[in-house]
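Treat the numbers as computed from the prediction; the structure is a model and nothing was measured.
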Amino acid sequence: MSNKNNDELQRQASANTLGLNPIIGIRRKDLLSSARTVLRQAVRQPLLSAKHAAHFGMELKNVLLGKSSLQPAGDDRRFSDPAWAHNPLYRRYLQTYLAWRKELHDWIGNSDLPPQDISRGQFVINLMTEALAPTNTLSNPAAVKRFFETGGKSLLDGLSNLAKDLVNNGGMPSQVNMDAFEVGKNLGTSEGSVVFRNDVLELIQYRPITEQVHSRPLLVVPPQINKFYVFDLSPEKSLTRFCLRSSQQTFMISWRNPTKAQREWGLSTYIDALKEAVDAVLAITGSKDLNILGACSGGITCTALVGHYAALGENKVNALTLLVSVLDTTIDTEVALFVDEQTLEAAKRHSYQAGVLEGSDMAKVFAWMRPNDLIWNYWVNNYLLGNEPPVFDILFWNNDTTRLPAAFHGDLIEMFKSNPLTRANALEVCGTAIDLKQVQCDIYSVAGTNDHITPWPSCYRSAHLFGGKIEFVLSNSGHIQSILNPPGNPKARFMTGVDRPGDPLAWQENAVKHVDSWWLHWQAWLSERAGELKKAPTRLGNRTYTVGESAPGTYVHER
């Protein structure tokens, strides 16, 4: 595979990573029901169907005569091979496909179905048309060239890759060479040790790399559905190392990978475990409070924690950073198309019966939400071109999924359903009702303009649920790139704003644009809230919280 193609797969991997959307899932019966609705429209509105069939026929005539102006969207890189534009047969093949796809979408879009059924129909049509794209067949010009360049070996290699995936990957195209990485060897290599462990988490303290450190420590809380080393991939994009270079006393939560034996772990279980970790950090550093960072579902957990502390009148959290975290769940995403009372209850029932929600199942659901980026690209690369799956650390991490215990999965579904954090005292954790307006600590919230998992307007509304001072930052990136965005990235841009209008778009219109990564902006913000500098400790832990296994610990290796 060329470096160009490899870079493209990496770009798509960065933009399409596992998020919380698939916790609800899509039932097969709902997809089939939507498909039947689409088919019935041909009978229910015969005149409309005939009109669009005639329109397709006219466009097909233009295609055959070479008069069609249809061309793929500018960001559709599937048809980047010159043959699609310059070879008359390939061009007509492509334009026939584009005409067919467009007419199907226009047909269902112009029907008299309710808006939700139209959206569901568009989704089902998209699944079908993208699966039948001409790039997914052996006639793909890139595959044909590859076949002759390798003397047919690419076809044999592709069949071998397909056989491996049928046996080892549930028939899904592998997104990454999982043998190329090992956590603790070439991922998650920042120096540190486990200084506390309970049944739910391990607490890792990293060894300072500066002579002085800020007196107030930083605790990083990753999502429960992925492993913590997303914050510590390669050295050049490790947020952990950036924090250490910024003189932050850095601690990391590594969640345990639950089994069905932990099916009763709920949000309160995670809060209780996190409270123990907070007490350990404070005891080790001698600080009366700390700063905390939470990402995605880890941000939800941190929010519940600070709300719980506020209800108790405890001031253990000085400042809270939220990365791509949606607390106001009134979001409009493709996964919500199939969400109703029955779907929510079925999702809860399924996980309670199994004891856990498998991260691999969520990954499959999300893959089918974005099939071009997460399925068909790898179908072409692995099977038609006969290439090995890419070697890419983000993809390895994204495929190194964990499970969610049934009770916690149920809590997340209830939060999606009732949106309790937007109302005072609507959510209760650890015996206390949560009112985010009572949380007075400073908030730094980061979202991505291209994030389809946690849309930035929802992150904006979520940040304004708190009672403290808010710094909202909008990065020009997607879900994972909003986190892995180190200084020096030539494409990095972000926005900040002083005013806090209720409308996110109004905020964006008046926001100030900045060049480079938001990491530097956050570094300055955090340093102002991290206390005075003092001599860096020479030892990790203390007499009560003694040094255990070296980082990355033991829980991260659990399967």
Problem - From CA spacing to verdict: side-chain hydrogen bond (donor to acceptor under 3.5 Å, both in side chains), Ser477, Ser475 - result: CA-CA 6 Å; Ser477 51; Ser475 175; 2.8 Å; yes
Any chance you could measure [X], atom [atom1], to [Y], atom [atom2], to the nearest 0.5 Å?
X: Asp435; Y: Leu427; atom1: CG; atom2: CG; value: 11.0 Å
X: Ile284; Y: Arg543; atom1: CD1; atom2: CZ; value: 14.5 Å
X: Leu239; Y: Phe231; atom1: CG; atom2: CZ; value: 6.5 Å
X: Leu282; Y: Ser287; atom1: CG; atom2: OG; value: 6.0 Å
X: Met252; Y: Leu293; atom1: CE; atom2: CG; value: 8.5 Å
X: Arg461; Y: Ser445; atom1: CZ; atom2: OG; value: 12.0 Å

Does the side chain of [X] pick up a donor-acceptor pair with the side chain of [Y] at under 3.5 Å?
X: Thr454; Y: Asp451; value: yes
X: Asn318; Y: Asn291; value: yes
X: Ser247; Y: His214; value: no
X: Glu532; Y: Ser215; value: no
X: Asn419; Y: Thr329; value: yes
X: Asp400; Y: Asn226; value: no
X: Ser234; Y: Glu236; value: yes
X: Arg241; Y: Thr189; value: yes
X: His514; Y: Thr496; value: yes
X: Gln523; Y: Ser246; value: yes

With no hydrogens and no angle check, is any side-chain donor or acceptor of [X] less than 3.5 Å from a backbone partner on [Y]?
X: Ser325; Y: Leu323; answer: yes
X: Thr301; Y: Ser297; answer: yes
X: Thr402; Y: Ile225; answer: yes
X: Trp518; Y: Ser482; answer: yes
X: Arg207; Y: Pro537; answer: no
X: Asp411; Y: Leu267; answer: yes
X: Arg423; Y: Ser418; answer: yes
X: Ser238; Y: Pro235; answer: no
X: Asp516; Y: Gly488; answer: yes
X: Glu182; Y: Lys185; answer: no

If every non-hydrogen atom of [X] is compared with every non-hydrogen atom of [Y], which pair is closest and at what distance?
X: Asn198; Y: Tyr555; result: O-OH, 2.6 Å
X: Phe494; Y: Ser517; result: CE2-O, 3.5 Å
X: Thr432; Y: Ala311; result: CB-CB, 3.8 Å
X: Thr401; Y: Asn398; result: CG2-O, 3.4 Å
X: Gln440; Y: Gly467; result: OE1-O, 3.3 Å
X: Leu374; Y: Tyr378; result: O-CD1, 3.7 Å

salt_bridge([X], [Y]) N-O dist < 4.0 Å:
X: Lys237; Y: Asp393; result: yes
X: Glu345; Y: Lys417; result: yes
X: Arg256; Y: Glu202; result: no
X: Arg197; Y: Glu549; result: yes
X: Asp232; Y: Lys227; result: no
X: Asp279; Y: Lys316; result: yes

Parallel, tilted or perpendicular: rings of [Y] and [X] (30°, 60°):
X: Trp456; Y: Phe472; value: tilted
X: His464; Y: Tyr460; value: tilted
X: Tyr545; Y: Phe196; value: perpendicular

Self-check item: Sole candidate of Glu414, His409, Gln353 that passes side chain to side chain donor-acceptor pair (under 3.5 Å) when paired with Lys348
Solution: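 Option passing the side chain to side chain donor-acceptor pair (under 3.5 Å) with Lys348: Glu414.
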Kindly check if the number of other-residue, nucleotide or ligand heavy atoms within 6.0 Å of [atom1] ([X]) is above 12?
X: Asp503; atom1: CG; answer: yes
X: His350; atom1: NE2; answer: no
X: Lys534; atom1: NZ; answer: yes

For a 4.5 angstrom cut-off between non-hydrogen side-chain atoms, does [X] reach [Y]?
X: Asn476; Y: Asn450; value: no
X: Thr321; Y: Trp522; value: yes
X: Met495; Y: Trp507; value: yes

Problem - Residue of the set Val281, Leu540, Val547 for which side chain to side chain contact (heavy atoms under 4.5 Å, CB included) holds with Gln205 - result: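 With Gln205 as partner, Val281, Leu540, Val547 yield a single side chain to side chain contact (heavy atoms under 4.5 Å, CB included), made by Leu540.
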Intermediate values then yes/no, side chain to side chain contact (heavy atoms under 4.5 Å, CB included), Val439 and Leu465: CA-CA 9 Å; Val439 176; Leu465 297 175; over 6 Å; no
Go through it in stages, so that I can follow the logic: the residues are Asp272 and Cys430, the test is side chain to side chain contact (heavy atoms under 4.5 Å, CB included), and I'd like the CA-CA distance, side-chain angles, deciding distance and then a yes or no.
CA-CA 7 Å; Asp272 281 332; Cys430 302; 3.3 Å; yes
Side chain to side chain contact (heavy atoms under 4.5 Å, CB included) for Arg403 and Leu357? Distances and angles first, verdict last. CA-CA 6 Å; Arg403 294 174 286 272; Leu357 176 65; over 6 Å; no
query = Using the benzene-type ring in the case of Trp, are the ring centres of Tyr270 and Phe408 under 6.0 Å apart?
reply =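 Yes, they do, as the ring centres are separated by less than 6.0 Å.
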Is there a ring pair (Phe, Tyr, Trp, His ring centres under 6.0 Å) between Phe181 and Trp397 once you walk through the steps? CA-CA 9 Å; Phe181 297 98; Trp397 165 80; over 10 Å; no
One pair to check against side chain to side chain contact (heavy atoms under 4.5 Å, CB included): Val221 and Trp255. What are the steps and the verdict? CA-CA 9 Å; Val221 182; Trp255 299 112; 3.6 Å; yes
